[in-house]
Structure formats: C-alpha cells, structure tokens
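To start, the structure itself, in structure tokens.
In this text the structure is predicted, and so the values were computed from the model without any measurement. Proteins come first, then strands; the chains are lettered A, B, ... in the order of their sequence lines, and each starts at number 1.
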Number of protein chains: 2
Amino acid sequence: MKSTINAKDVAKLAGVSQSSVSRVYFKGAKVSEKTRRKVLAAAEELGYRPNEFARSLITNRTKIIGLVMKGVQNPFYPQVLTQFTAAFKKYGYSVLFVHTNNDEIETEDVETLLNYNVAGVVITDATMSLNVAESFRANHIPLVFFNRKLSSSDFYSVCCNNLNAGRAIAEYLLKQGLTDMAYISGNENTSTSLEREKGFSEVLAQHNLEYHKHASDYTYGGGYATALDIIEAGELPSAFFVANDIMALGVLDALQKKGVAVPEQVKVIGFDNIEMASWPGYELTTWEQPIEKMVEETVKYLLSEMAGYTGSAQSVEVEGTFIKRKTT
Amino acid sequence: MKSTINAKDVAKLAGVSQSSVSRVYFKGAKVSEKTRRKVLAAAEELGYRPNEFARSLITNRTKIIGLVMKGVQNPFYPQVLTQFTAAFKKYGYSVLFVHTNNDEIETEDVETLLNYNVAGVVITDATMSLNVAESFRANHIPLVFFNRKLSSSDFYSVCCNNLNAGRAIAEYLLKQGLTDMAYISGNENTSTSLEREKGFSEVLAQHNLEYHKHASDYTYGGGYATALDIIEAGELPSAFFVANDIMALGVLDALQKKGVAVPEQVKVIGFDNIEMASWPGYELTTWEQPIEKMVEETVKYLLSEMAGYTGSAQSVEVEGTFIKRKTT
DNA sequence: TTCACTTTTGCATACGTATTCAAAATATGA
DNA sequence: TCATATTTTGAATACGTATGCAAAAGTGAA
C-alpha cells in the first residue's frame, strides 16, 4: 500500500503523462481544457495533492515567509501577526513563525529560515547583526524590518512615522497650554522610542521648553513602576507622553492608585492604539499606528522582490493618526 | 556562479563522497571522526547548509508543526503561542502558523498543512469537521486539540480540567456564604464554557441553589455589555463567575462605571489568569490555566506519535489553580 | 603475517515534481 | 484538400538528499 499518491498515479488513471498533471497544478502552464478536466477528476478520485517539497526542490522557490517576532506579550503584536498571516495567505504564502526573546535574532533561527529557503522574511521589533542580514542578501531572500528604522540604509524597513508623531503630540500638548512635560521611553536602543522622543523634543526645543525623560522598558510593569517613582519623588509633570500604550496603561493605573486625577491634574498620551486603549476603564488618548498600511507596504515590497530580486533598500514611513480620548 | 552549494560541492572539497557528507548531517548515522572533521571544515568554508526540502522529500518526514490558532486577540493566546514555539524549537521543530477566524478551520488551511506534510498539528480553540480530521489520520499526521474537550473520543485533546475548576469556584463562593450567583458564559458552543458551567451548576444544585446564566462571547466588549445589561435590569447577583478573564475585566469596568463596589457589593471571578488579571487596576481573582503543563502534554504526545504513529486518542485534562486576589 | 570480524565508505538509486525539447495534435488559411 | 503555423503533449532529465548494498578500510587475536 502506497502511503502517498503522486502525480504519476494521477497520470496513469487519467491516461495522460506526469508532465500534464504537473502542468495542471503549475500556475501559468498551458494545458487543454480536456486534459485538465481528466486530471482533476482523477486527482479528486485519488485524493491527490502536489508535494510542496518536491516542488520547492526543483523550482528552488518556496511559498513560505519567515516571520520573526519579539515580545508577543505586547497586545500590539497579535494584531500584526494576524494581519500578516491574512495578507500572505491571500497570495498563497504560508507563515513560518519564529519567536525570539533577545533583541537580536538568534543564529539558530536564522539557520532555520535559510534551511527552509523561505521566500522572504519579516522581522518585527528585533534586529540582526549585519553579517547575518548579509547572508539573506547573498541568498537573494528579501528582508523587511518591521516597526524599525535602520540607521544603515542597506535594508528595507517599514514603520510608522514616529518623528512626525512625536512632533504632533508635542504640538497638541503645547496648544493645551502645557509647558511642563515628561517623556517615558521604551527600551532605549529601539528606533521607535528614539524617534518618538526626537520629534517630541524637537518641537519643545523650538519653544525653548525642557522636559523630563524617564527611561522605561515598553512593559505595563515598567510604566507602572516609573510613574510611581515619579509621583513619590514629587516630580509630577502636567503631561506624560508615554512611548507605547501598554506602558501608558501602567502609568494610568499608578496615577489612579495615587489619587492623581487624569486629565485634570495630569494628561497622558500613549502610542499604538491597542484595543485596550479604548476600554471604558482607560479611554486613553493615543497615536494610532496604521498597521494595515504598514503591513500592506511590507507585503507589497516582498512580493515584488520575490518576483524579481533587486535587493533595493528603502526606509518607508507611514503616517499615523492622533486619537483623542479622555486622558487629555 | 552557483547560487546554492550542495553536499556534492562539500564532498569534492573535503575529498569524500556525497554520502559521507549526508551522514555527517543525518543524526544517527555513523561517520568516522576524521571524515566528520574534514566535512565540517569544508562545509564551513563553503557555507553549506543541508536543503530541508530535499531531506523531507526523501525521508517523507518534516520538522514542521502546524499550529492553528483562533482569536489571537485574547491575551491568553500569545502566551500559548510563545510556549509552543519554544517547546518545539527545543526538539528541532519549526512552527507553521495558521490563523483562522471561523470556529471551523478552513479547508484551504488544511490543504496547506497537508501539502507541507507537517509532522504534527496543534489546533487551539477551533474545531474541524470530522472528515477533515480523518484526512490527517489517513496521512498518519498526529493531531491535538488544545483547550478543547471533544465529545467524540477519536482524537487527542488537551485542556484544563474545566469541570473541577467550575466546581471549586462554586464551592469557594459558597464558603463565602453567598447564594445568589450568576454565570457569564463564553461562546456557548465551546467545550470550555460548557464544562466550566457544568461543574459550577453541579455544586450549586447539590445545595439546591439556582443561578442566573448570561450568554456572552469571550470578549471584553461582550463582558462589559452583559454586565451593563444586568445592572440596568436591576438583577445584580452577589457574585459573578465569568468564563474568562478578558470578559471579567469588562465586567469589572462596567461595575466600576456604575459605581458598584467590588468585592463589597459583588464578587467577581475570572478564568485563565492572563497577565492583566494581576494588574493593580484590576487584581482579579481567577483560575489559573496551567499552560506550561498543557503545552508539555501536547508536545509529549506529538513527539511520541511522530516517533511511531499509533493514532491513539485520549482526553487529557490538567488541573489548574485558584488565584485569590482582590475581587473576592 | 594471516584470518575473521567490525566499521566506514562510495556507488547507485529513489523521492515527486518542473521543465526542455522534439513529436504529435490541432487550428488556420488558401 | 493540403501545407503551414500554433498549441499541446510525452519522454527524459534535474533538483539535493538519504539509504541499501557491496567494497574497502580498519581492528584484533593468534
């Protein structure tokens, strides 16, 4: 008893050659309508399914995208994950999921992606050493850094325009007549946190304003602890710009715990517009990252590179939108 | 210029046969230490990596696990996802991620899994028609339904012992001297919601107590709306057992909005012990699902089935733990 | 050294598909 | 109808690896 039935079996039953069977399943190949029907009928009867590995072996191409994620704990990422899988599925690509805890993607995982000869790679929120990135380039595997802006312009990256966002938020707070602000940063080696602060500080500097900066880590606990420290040190500003929503929720909870009224005494602005930001318990004013557009840009680039590799690099920045709720 | 270098190239440089190169990379094959060193040196020099597709083609086995998820929006699932990828990575398996929105996994996705000849499949929170499941069995692909208890005992399933959990929660509330309770269910066609309620109602029935049941949908919004309805209808019980944490958070926010004191006026118990349950703003009493153990059981079964397929079925239920916080 | 035995190696082949090339079938035009 | 152009088909081969088998190399005892 054969465990798997192959194109040859189908060919025999349909009374055609294996080549014809192959052509029926290979998009773009020419087959007459008659043989196509014969083949499909035979395939149906036998329960035939083309072996993806044999296909990849001979074409040297796969329909697999490597998706590397870091810190799926932040509710921002499940959204990104589902959007990517949905988008790739639309074009017939499957997702090989890799999770890393380190900032830098582990070589073991890179090996995996290369062994599977993935058609493309998306790296969210993590970085990789330049020589590792080069090994993808050497294999003509297109690569996108998602939610990261690269200092070197050798690779493609897609993120929200964090600089403009920081500026807009500063201007919004200034318009409220506030002058005494604080920035609570995420991990300080991330481009996202740095750019958001850069835009923010730029505008404040134009108005000759200083601001306090408190380093945190993009987690709820981090935001909570940082805010608590600030309150207890008696350094409460009139507004917080917090580098992401999940930290901002921590800040709000700390403020509530200490009996600080929001937005009356302090205003709080987050970043991402995660689902929780709209919960009645929080109603957080924030900056929406245009995930759909970011995903779209990423997929668009990957598809074009997979069709014909150029290795072109660019830093794409998509504009987000201010979402006013009740914490400002 | 060759784009990919293969075992033959390495063999030539190392002065051995292609077979020897293969044996160096095939775990379990015998090679002398001398040739191993020669091969590894040559491989290093050329940057050789075995082609996973050629391997799978000939062995008819893969190192890929299909992971099907539904509703990644619930913060419970990112935890599950990371734990699975970590566990599988430990044994050299990669994860092909599939996301479905429907309760029932789409045939398109099943096709994908079969085409890639995955070594095993984990299905979280979704079901599949029996004949689809059978097609996995026909291909000797082991299958685990995670966080689902199956009525038919034809397939392996792993979940928390929801029945016992429901009982324990009822008993806990009874001990507090409460008699007027309500259950807020998740999607009513899920075994998780049904079993939790079953255990709960069983114990209450033993004490000749009735309870109110309110159907909801396992989302924050659902919990919020349901609680609001209850309050406005003036049907406030003395305790809520809510079928999962994310809904319970919605309930808490609704209660807070309406000025109902927790736990003084109403007690609330959730289910899952997601990270947010411990946030200072909520401090939700809940039932912890032993994710590590559940994942461990799943992986253990899959590994043994992948080593030698038996198709054995079992319904594994792991005991969870009660987590007392401040909402009771 | 010789012989028997064990370990290691290389050769040849198979896995299931895509693809080239020439042959066959079909369509087109006069 | 025939000759020519076009489309469709089948045979053969290649992709990169694992593996059965026989030959070769190594091991140890007498």
Q: Could you check whether A:Ser22 gets within reach of a base, just the sugar-phosphate, or nothing at all, counting any heavy atom under 4.0 Å?
A: base
Q.
Is it true that, when you exclude A:Lys293 itself, more than 12 heavy atoms of the residues, nucleotides or ligands shown sit nearer than 6.0 Å to its NZ?
A. no
Q.
Counting only side-chain heavy atoms from C-beta out, which of C:dG16, D:dT9, C:dC11 sits nearest to A:Val31?
A. D:dT9
Q) Among C:dT17, D:dT17, C:dT19, which nucleotide sits nearest the side chain of A:Ile58? A) C:dT17
Q: Give the rounded distance in Å between these two atoms: CG of A:Asp9 and C1' of C:dG16.
A: 10 Å
Q: Answer with base, sugar-phosphate or nothing: what part of the nucleic acid does B:Val21 contact at a heavy-atom distance below 4.0 Å?
A: nothing
Q: Give a yes/no on whether any side-chain N or O of B:Ser32 is located under 4.0 angstrom from OP1 or OP2 of C:dT9.
A: yes
Q | Among D:dT9, D:dG16, D:dT19, the nucleotide that comes nearest once only the side chain of A:Leu57 is considered | A | D:dG16
Q: Among the candidates D:dA12, D:dT17, C:dC11, find the nucleotide nearest to the side-chain atoms of B:Ala7.
A: D:dT17
Q) Quick one: B:Asn117 CG to C:dG16 C1', roughly how many Å, whole number? A) 12 Å
Q: Please report, rounded to the nearest Å, how far the C1' atom of C:dT17 is from the CG atom of A:Asn60.
A: 14 Å
Q | Rounded distance in Å - CG (B:Asn115) to P (C:dG16) | A | 14 Å
Q) Given atom CD of B:Glu33 and atom C1' of D:dA25, what is their separation to the nearest angstrom? A) 17 Å
Q) Among D:dT17, C:dT17, D:dT19, which is the nearest nucleotide to the side chain of B:Asn51? A) D:dT17
Q) If each of A:Tyr48 and B:Gln18 is mapped to the nucleotide of DNA chain C with the nearest heavy atom, which maps nearer the 5' terminus, i.e. the 5' end? A) B:Gln18
Q) Hey, is the side chain of A:Tyr25 poking within less than 4.0 Å of OP1 or OP2 on C:dG16, counting only N and O atoms? A) no
Q | Pair B:Glu317 + B:Lys149: basic N to acidic O under 4.0 Å | A | yes
Q: Can you spot which of B:Thr82, B:Thr124, B:Asp125 makes a side chain to side chain donor-acceptor pair (under 3.5 Å) with B:Tyr77?
A: B:Asp125
Q. For the residue pair B:Phe146 and B:Phe84, is the inter-centroid distance of their aromatic rings smaller than 6.0 Å?
A. yes
Q.
Is the positively charged end of B:Arg137 above the ring of B:Phe155, judged by distance under 6.0 angstrom from the centroid and angle within 45° of the axis?
A. yes
Q: Look at the side chain of B:Ser19 against the base of C:dC11 and say whether a donor-acceptor pair falls under 3.5 Å; ignore hydrogens and angles.
A: yes
Q: To the nearest Å, give me how far apart NZ (A:Lys34) and C1' (D:dG10) are.
A: 15 Å
Q) A:Phe26 CZ to D:dT8 P: how many Å, rounded? A) 16 Å
Q | Short side-chain N/O contact to D:dG16 OP1/OP2 from B:Thr4, under 4.0 Å | A | yes
Q: Give one of base, sugar-phosphate or nothing for A:Ser56, where a contact means two heavy atoms less than 4.0 Å apart.
A: nothing
Q: Indicate the ring-plane relationship of A:Tyr309 and A:His140, choosing parallel, tilted or perpendicular according to the 30° and 60° boundaries.
A: parallel
Q) If only side-chain N and O atoms of B:Thr35 are considered, is one of them under 4.0 Å from the OP1 or OP2 phosphate oxygen of C:dT9? A) yes
Q.
Assuming nearest nucleotide by heavy-atom distance, tell me which of B:Ala54 and B:Ser20 is located more 5' along DNA chain C.
A. B:Ser20
Q) Nearest-Å distance, NZ (A:Lys30) to P (D:dT6)? A) 14 Å
Q.
Mind checking if B:Arg61 touches a base, just sugar-phosphate, or nothing, with heavy atoms under 4.0 Å?
A. nothing
Q | A:Pro50 side chain, from C-beta outward: closest of D:dT19, C:dT17, C:dG10 | A | C:dT17
Q: Confirm from the modelled atom types if B:Arg23 and C:dG10 form a donor-acceptor pair under 3.5 Å, side chain to base only.
A: yes
